[in-house]
Amino acid sequence: MTTEEKITFDWGDTRVEVSGFQPVLPKAPDGDDRQKVIAAARTNRLAALPEDAWHAVARGAVTPEAVAVQLQSQAGEAGLLMAEHVDGATLRSLHSRVWLTELFPGIQPRTGQEAMEIPDPKVMGVVRDGRPEALLTYEYQDHDHLRNHLWQTIEGTLRLNSYAPSVLARRVTRAVIAHPVELRFEDGSDPVYALVVRDGITRVASAWNVLAGPRAEPDEVADLAADVLLAGAEGARTEAGKTRSQHMGQAREAQRRKLREEFERGCAPGQRPSDRAIQIGQTYVLPAQIAVGVEPYPDNKLDDADLFDDALRSILASVHVEFKEWTPAAQNVEVATRALNRLVQIPPDGVDADDLRHVYGLAVGRIGTADFPKVFKNGDIPGTALWRAVYLVNILTRPDLFEALKNYAKEIKGERRMATKGFAGLLGPLVDRPWRTAKQDVTKQARNAWTNGGVLCDDVVKADWDPVPTDDFTTLVEPARKGDENARLTLAVGGGVALIADKLLTRNVGSAVGAPRENGGVPFRADVHTTVGNLARRDNELGLWTLALTAQRFLDTGLPRNAATRRPLIKRTGPAPDADSYVHHKVDLAAPDRVFRDEAGEPVLLTQWDVVWASDEPKARKETAKRHTQYGGLLAGPPAPGDGQAASGAAEDERAEDASTGPAPRKQSAAQRSATERRRLGELLEQARDSIDALLALAPQVGTWPPLLGRAEEWGKLHSSASHVQAALWNHRPPEADRDTDGEEEPEDGPEAHDEEEPEDGPEAHDEDGDEAAAEDGE
């Protein structure tokens with residue numbers, strides 16, 4: 001057939017018209033062509049990489065001789081390498097078509113704000129002979145960490161968005177941005193050199209989706225990609241004289257030969273290509289822009305090791321602003337970490353650069369929570385997530401760093417001014433790093449609270465104070481009341497962070513003002529930082545105790561019952577919760593333990609109403625009295641313990657294979673196991689629907705007795721189970737399901753049948769992967 005003939009392809013429920021299909025695949029280059037790349041690279045002064053990295057470039061290129069021409073044609077500043085000028089450096093890249101099977105998904109800044117099960121590898125720049133290279137080192141724990149991280153990236157990307165129909169129709173038409181990377185392993189495994197994609201991960205994942213087929217789920221696509229990309233990684237030792245990179249490269253090349261054979265079998269002369277041949281032909285290669293050189297400006301102030309990554313991130317940021325923005329939290333992480341990196345390179349007078357490097361490591365997660373007291377050489381600091389937050393906020397708001405950090409952030413964002421609220425928004429995703437996963441249900445509300453000022457009240461950002469480390473925050477209340485500013489502001493930051501993280505202090509919007517206490521209402525509207533500042537006033541004993549007790553009870557391993565993010569429709573019976581379970585209580589200054597109790601002597605759960613009330617009791621009484629007068633007393637009744645207490649904990653996977661028999665199973669992430677369970681749930685629900693249909697079909701034969709669904713007891717069990725499943729599905733629906741109702745105003749009544757408490761800011765609508773171009777590219 002000719003390329004002018006139209007080909008239609010049924011992709012699920014979509015009829016796709018395939019264009020540009022070629023009945024011939026590009027031939028694999030031979031070793032001599034690849035050696036031309038290595039030889040040309042040795043003579044190019046503008047593109048310095050180690051030879052193993054050039055081998056990765058040569059393996060990835062469909063036409064290595066064209067790459068060699070680009071490398072040879074350099075005459076000073078004129079030549080075929082593309083030059084992009086960014087802050088502090090010139091980045092040089094070449095263009096080539098690249099085999100899909102040679103592109104590893106890399107790390108995108110937009111994932112820095114997400115709660116990810118598999119941690120990112122450690123990322124380090126490379127400097128050789130005093131010169132920065134266009135190369136990064138990704139350090140993984142072991143090969144399982146690499147595989148699970150790669151799987152997580154592909155699967156998570158496709159869960160957000162897939163351009164598979166467009167890729168099938170027109171291939172990938174806009175070049176992805178890639179660069180060489182050295183994959184290292186802490187367990188001592190041989191390093192591997194490869195090409196990683198930094199911009200275009202959705203395009204690459206969508207190509208794998210096309211290759212896997214229209215019925216493949218994202219987890220199955222991720223399995224396919226991981227199997228092919230990591231072919232040969234778990235085999236025996238490499239052959240003599242061959243590196244691990246070469247061994248894996250040969251295994252991937254063997255995978256491409258298998259695809260070619262499938263393709264050729266499906267392209268019989270004079271006949272329509274088979275569906276499989278079309279899938280392979282449209283994804284076999286794709287265009288790429290490969291960064292191979294970086295040249296610092298003479299006045300550059302960044303460390304050489306940070307120069308390449310910063311230059312590349314600058315280009316990625318410009319792409320995402322031009323085409324599709326990252327989420328606000330992702331932008332904040334990117335701006336905050338880059339601004340802090342600049343501060344490390346150019347420290348203010350009197351500030352030690354090594355200390356700032358420790359701060360940077362603490363902010364980006366290189367220094368663990370348990371280790372940071374050792375770094376700060378203070379054994380009195382508790383090694384907890386909350387104390388990490390206290391010290392991070394304290395350091396980044398010190399007068400000698402605060403303005404400098406804001407100035408760098410303004411330069412990166414291209415803004416003329418930045419208010420304290422804007423700076424607080426940058427800190428939110430840095431502070432919540434240790435508990436992102438455990439408290440992910442309230443992450444959106446917490447970050448909205450940070451953009452509303454967070455804990456940066458006037459005293460925190462204007463005073464020169466030092467945290468007071470202690471194992472008991474309540475011991476700081478009396479010193480704070482007596483004028484100890486260090487103790488008072490330690491309570492403000494520690495207690496404020498805990499209140500925000502546990503959804504007991506949020507941005508007050510819409511119906512939250514004047515709503516019932518037990519439903520997340522507040523007596524009056526106030527900015528978050530103002531509320532924290534008022535709680536921490538020296539003369540506000542109720543506020544200081546609220547901060548102290550919340551900070552003391554705070555845990556980074558989950559949410560307290562107070563958060564009440566979801567109320568299950570069917571409340572399962574079981575043993576009463578442990579008296580020491582995670583919960584925050586309302587404060588009673590007259591009680592010996594400062595815990596407010598109801599008439600029955602039961603502790604009363606702390607609510608956002610109580611927090612805002614404690615920040616300014618006279619104003620709360622005035623506003624409440626005003627509304628009582630206006631609405632005839634139709635307001636929330638007296639405080640009552642909150643309902644909808646969500647139990648926490650994880651169920652054991654009873655279907656796991658016994659690891660003691662047979663070959664050792666590959667370590668799978670929870671996300672991989674959950675994908676299997678989602679498929680199983682879907683199959684069981686389909687079986688349930690079949691059973692219902694079969695019962696209804698039998699109804700005429702059964703007659704009126706026995707009842708079609710059994711006696712009342714039998715029916716009740718079925719109905720209870722079905723209702724529980726329905727409520728669980730609704731309460732865990734994906735954010736995009738709520739896009740039609742997304743907004744700041746909370747609906748007065750949620751879905752009555754499901755009895756879910758909506759967050760006050762409305763459901764978060766996930767945006768698509770920010771690395772894609774305009775819709776006309778279809779990628």
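Side-chain atoms are counted along with the backbone in the values below, which use heavy atoms only and exclude waters and symmetry mates.
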[X] side, atom [atom1]; [Y] side, atom [atom2] - distance, nearest 0.5 Å:
X	Y	atom1	atom2	answer
Ser166	Gln282	OG	CD	10.5 Å
Lys439	Asp556	NZ	CG	7.0 Å
Ser723	Gln726	OG	CD	6.0 Å
Asp610	Leu504	CG	CG	9.0 Å
Leu695	Asp690	CG	CG	11.0 Å
Asn562	Lys503	CG	NZ	11.5 Å

Looking at [X] and [Y], what are the two nearest heavy atoms and their distance?
X	Y	answer
Asn209	Ala216	OD1-O, 4.2 Å
Asp120	His149	OD1-NE2, 2.8 Å
Ala501	Trp435	CB-NE1, 3.6 Å
Thr153	Thr157	O-OG1, 2.6 Å
Ala424	Gly454	CB-N, 4.3 Å
Thr550	Ala498	CG2-CB, 3.7 Å

Check whether any side-chain heavy atom of [X] sits under 4.5 Å from a side-chain heavy atom of [Y], and report yes or no.
X	Y	result
Arg433	Val431	no
Leu230	Leu146	yes
Ile692	Arg689	no
Val221	Leu211	no
Thr531	Leu505	yes
Arg597	Asp588	no
Ile154	Pro105	yes
Asp219	Trp151	yes

Hey, does the side chain of [X] reach the backbone of [Y] with a donor-acceptor pair shorter than 3.5 angstrom?
X	Y	answer
Asn452	Val528	yes
Arg436	Pro429	yes
Thr451	Asn448	yes
Glu623	Pro523	no
Glu714	Leu709	no
Ser206	Tyr163	yes
Ser162	Leu158	no
His732	Ala728	yes
Glu220	Glu217	yes
Glu155	Ala671	no

Full working for side chain to side chain donor-acceptor pair (under 3.5 Å) between Gln440 and Thr437: CA-CA 5 Å; Gln440 58 185 295; Thr437 300; 5.3 Å; no

Check: Phe524 ring centroid to Trp609 ring centroid under 6.0 Å: no

Under 3.5 Å side-chain donor-acceptor pair for [X] and [Y]:
X	Y	value
Glu677	Ser674	no
Thr202	Asn161	no
Gln608	Thr506	yes
Asp502	Tyr582	yes

Cut-off 3.5 Å, no hydrogens considered: what does the side-chain donor-acceptor table look like for residues 8-17, sequence neighbours left out?
residue: Asp10; atom: OD1; partner: Arg15; partner atom: NE; Å: 2.3
residue: Asp10; atom: OD1; partner: Arg15; partner atom: NH2; Å: 3.2

Residue among Thr607, Leu606, Leu605 satisfying side-chain contact (heavy atoms from CB on, under 4.5 Å) with His584: Leu606

Derivation of the salt bridge (charged side-chain N to carboxylate O under 4.0 Å, His left out) call for Arg447 and Asp432: CA-CA 9 Å; Arg447 288 178 178 167; Asp432 69 16; 2.9 Å; yes

